[in-house]
Amino acid sequence: MKRVLLISIIFNLCFCATAQNLKIIYKMDYSAEQKDLSKIENMMVRKYRKNEIAALPYVELILLIKGKTSKFYTESIMPFENRDMQSGYNAALVSANGKRVFYKENNAKFIFEDIDGKNYKILANTEKYNSWEITKEYKMILGYKCFKAKMEYKTYDRYMEPLWVPVEAWFTPEISVSTGPLDFDGLPGLILEATKDDRITYVATEIKRREDVIIEIPTAKKTITYQEKDTIVKKQLLEIKKRSEMYGTEF
């Protein structure tokens with residue numbers, strides 16, 4: 001009953017807010033455990049990981065909002081002349097989002113992604129984030145009052161076993177757009193901070209009001225459902241696992 005009342009209050013706040021054309025810049029960071037290199041014995045791997053962590057502040061993730069349409073993507077640049085640091089930056093880009101583009105228009109959600117060398121337009125799961133638990137906890141982010149919400153969604157690990165991924169989000173009803181970094185949505189307001197699997201945190205560092213926002217839809221050669229994507233990925237994992245077992249390498 002209390003949760004229903006809280007959601008009702010937040011939706012009322014959203015009704016009072018006016019959606020705007022915005023450009024939000026997000027940065028990402030790893031958890032302290034992810035940054036701990038003490039357990040990595042291989043010196044080359046440790047160096048590679050160290051460069052990746054050092055490059056994190058240079059990774060920019062962009063969310064464009066125009067009315068009820070939004071697009072989230074990674075801004076790919078070449079910030080380093082040093083080959084090792086550029087390699088670390090590229091690794092950080094992959095961890096952040098890769099080359100995926102998340103596009104949303106009204107209630108339709110699409111993910112544009114390269115899988116096994118092919119470009120796909122994936123009809124995303126619109127019910128993935130329907131089980132948020134909104135709490136009374138709040139904090140200020142960039143001058144906006146943000147409420148804490150949490151949930152778990154189901155995916156698969158590399159052994160094709162079911163895996164539940166915890167997500168924690170901080171959203172503001174003062175910006176009445178149900179979207180955020182990656183494909184996070186389903187909350188009555190814009191998500192300004194999100195932590196996935198207690199490992200990676202995405203946080204908004206700048207919000208720009210831009211009346212000249214133009215959102216271009218990416219192109220793809222083939223359209224599939226998220227279920228079909230899961231089938232493709234599972235098939236790839238099985239092939240990798242078989243090759244690993246054949247050659248006695250770690251999977």
Side-chain angles (χ1 to χ4, degrees), residues 4 6-28 60-75 96-97 99-113 119-134 138 141-151 153 167-194 196 202-220 223-227 229:
V4 173
L6 179 59
I7 294 175
S8 176
I9 293 172
I10 293 173
F11 267 112
N12 287 334
L13 287 172
C14 280
F15 182 78
C16 296
T18 302
Q20 303 179 49
N21 296 345
L22 302 170
K23 178 180 181 180
I24 300 102
I25 298 174
Y26 291 83
K27 296 284 188 178
M28 80 160 187
E60 284 196 351
L61 302 111
I62 310 298
L63 176 62
L64 299 178
I65 297 174
K66 186 173 185 178
K68 294 183 179 181
T69 302
S70 65
K71 177 182 177 181
F72 182 83
Y73 60 98
T74 307
E75 191 75 87
N97 181 44
K99 295 181 179 180
R100 291 179 298 173
V101 175
F102 296 90
Y103 179 85
K104 183 178 180 182
E105 187 172 359
N106 296 317
N107 294 323
K109 294 173 61 177
F110 306 99
I111 302 173
F112 295 84
E113 183 175 359
N119 184 249
Y120 290 96
K121 176 183 178 182
I122 304 165
L123 305 178
N125 183 1
T126 57
E127 298 180 357
K128 183 176 180 179
Y129 298 105
N130 279 359
S131 59
W132 287 107
E133 177 187 345
I134 299 175
Y138 66 88
I141 301 176
L142 296 177
Y144 292 93
K145 187 174 183 179
C146 296
F147 291 87
K148 180 181 177 180
K150 55 185 180 179
M151 65 157 290
Y153 68 85
V167 178
E168 177 183 290
W170 295 86
F171 72 97
T172 176
E174 296 175 39
I175 301 177
S176 57
V177 182
S178 181
T179 190
L182 301 180
D183 61 340
F184 298 139
D185 65 0
L187 287 165
L190 176 64
I191 298 172
L192 294 183
E193 182 178 323
K196 183 175 69 172
Y202 301 83
V203 59
T205 58
E206 189 174 359
I207 299 177
K208 301 178 181 179
R209 287 176 171 78
R210 297 280 299 271
E211 295 306 317
D212 61 340
V213 168
I214 297 176
I215 299 181
E216 297 180 352
I217 305 176
T219 58
T223 300
I224 60 174
T225 65
Y226 70 92
Q227 295 99 329
K229 181 210 169 179

Exercise for the section: Please report the C-alpha distance between Ile25 and Ile62 in whole Å, then the side-chain angles of each, then the deciding distance to 0.1 Å, and finally whether the side chain to side chain contact (heavy atoms under 4.5 Å, CB included) criterion is met. Expected result: CA-CA 5 Å; Ile25 298 174; Ile62 310 298; 4.0 Å; yes
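Here Thr126 pairs with Lys109 under the side chain to side chain contact (heavy atoms under 4.5 Å, CB included) rule; sequence neighbours left out. Taking the side-chain hydrogen bond (donor to acceptor under 3.5 Å, both in side chains) definition, one finds that Lys229 meets it with Glu113, sequence neighbours left out. Residues meeting the side-chain hydrogen bond (donor to acceptor under 3.5 Å, both in side chains) test with Tyr103, sequence neighbours left out: Glu105. Under the rule for a salt bridge (Lys or Arg N to Asp or Glu O under 4.0 Å), the partners of Lys148 that lie at least two apart in sequence or sit in another chain are Glu137, Glu168. By the side-chain hydrogen bond (donor to acceptor under 3.5 Å, both in side chains) test, Lys128 pairs with Asp183, sequence neighbours left out. Residues forming a side-chain hydrogen bond (donor to acceptor under 3.5 Å, both in side chains) with Asp212 (at least two apart in sequence, or on another chain): Arg210. Scored by the ring pair (Phe, Tyr, Trp, His ring centres under 6.0 Å) test, Phe102 finds no partners at all (sequence neighbours excluded). For Tyr153, the ring pair (Phe, Tyr, Trp, His ring centres under 6.0 Å) test picks out Tyr129, with sequence neighbours left out. Scored by the side chain to side chain contact (heavy atoms under 4.5 Å, CB included) test, Glu211 finds Asn21 as partners (sequence neighbours excluded). In this view, Leu142 and Tyr144, Ala204, Ile207 satisfy the side chain to side chain contact (heavy atoms under 4.5 Å, CB included) rule, not counting sequence neighbours.
Residues Phe171 and Ala149 approach most closely at CE2-CB, 4.2 Å, considering heavy atoms. Nearest heavy-atom pair across Arg100 and Leu182 is NH2-CD2, 4.2 Å. The minimum heavy-atom distance between Ser178 and Asp185, with the atom names listed, is O-CB, 3.3 Å. Closest non-hydrogen pair, Ala220 versus Asn119, comes out as CA-OD1, 2.8 Å.
Heavy-atom contacts from other residues, nucleotides or ligands closer than 6.0 Å to CD of Gln227 number more than 12.
In this structure, CG on Leu63 lies 4.5 Å from CD1 on Ile24, to the nearest 0.5 angstrom. Summarising the geometry, atom NZ belonging to Lys121 is positioned 7.0 Å from atom CD1 belonging to Ile217; distances are rounded to the nearest 0.5 Å. Between the OH atom in Tyr120 and the CZ atom in Phe112 there is a gap of 14.5 Å [rounded to 0.5 Å]. Atom CG in Leu22 sits 12.0 Å away from atom NZ in Lys208 (nearest 0.5 Å).
Taking the six-membered ring where the residue is Trp, Phe184 and Tyr202 present perpendicular rings, their angle passing 60° and hence far from 30°.
In this structure, the side chain of Thr172 engages the main chain of Lys145 through a donor-acceptor pair within 3.5 Å. With hydrogens and angles disregarded, a donor-acceptor distance shorter than 3.5 Å links the side chain of Asn125 to the backbone of Glu127.
A 4.5 Å side-chain heavy-atom check between Leu123 and Tyr226 finds every atom pair outside the cut-off. No side-chain heavy atom of Leu192 sits less than 4.5 Å from a side-chain heavy atom of Trp170.
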Scan the side chains in residues 64-73 for donor-acceptor partners under 3.5 Å anywhere in the protein, sequence neighbours excluded, and list what turns up.
| unit_1 | atom_1 | unit_2 | atom_2 | d |
| --- | --- | --- | --- | --- |
| Lys66 | NZ | Val213 | O | 3.3 |
| Ser70 | OG | Thr179 | OG1 | 3.4 |
| Lys71 | NZ | Glu216 | O | 3.0 |

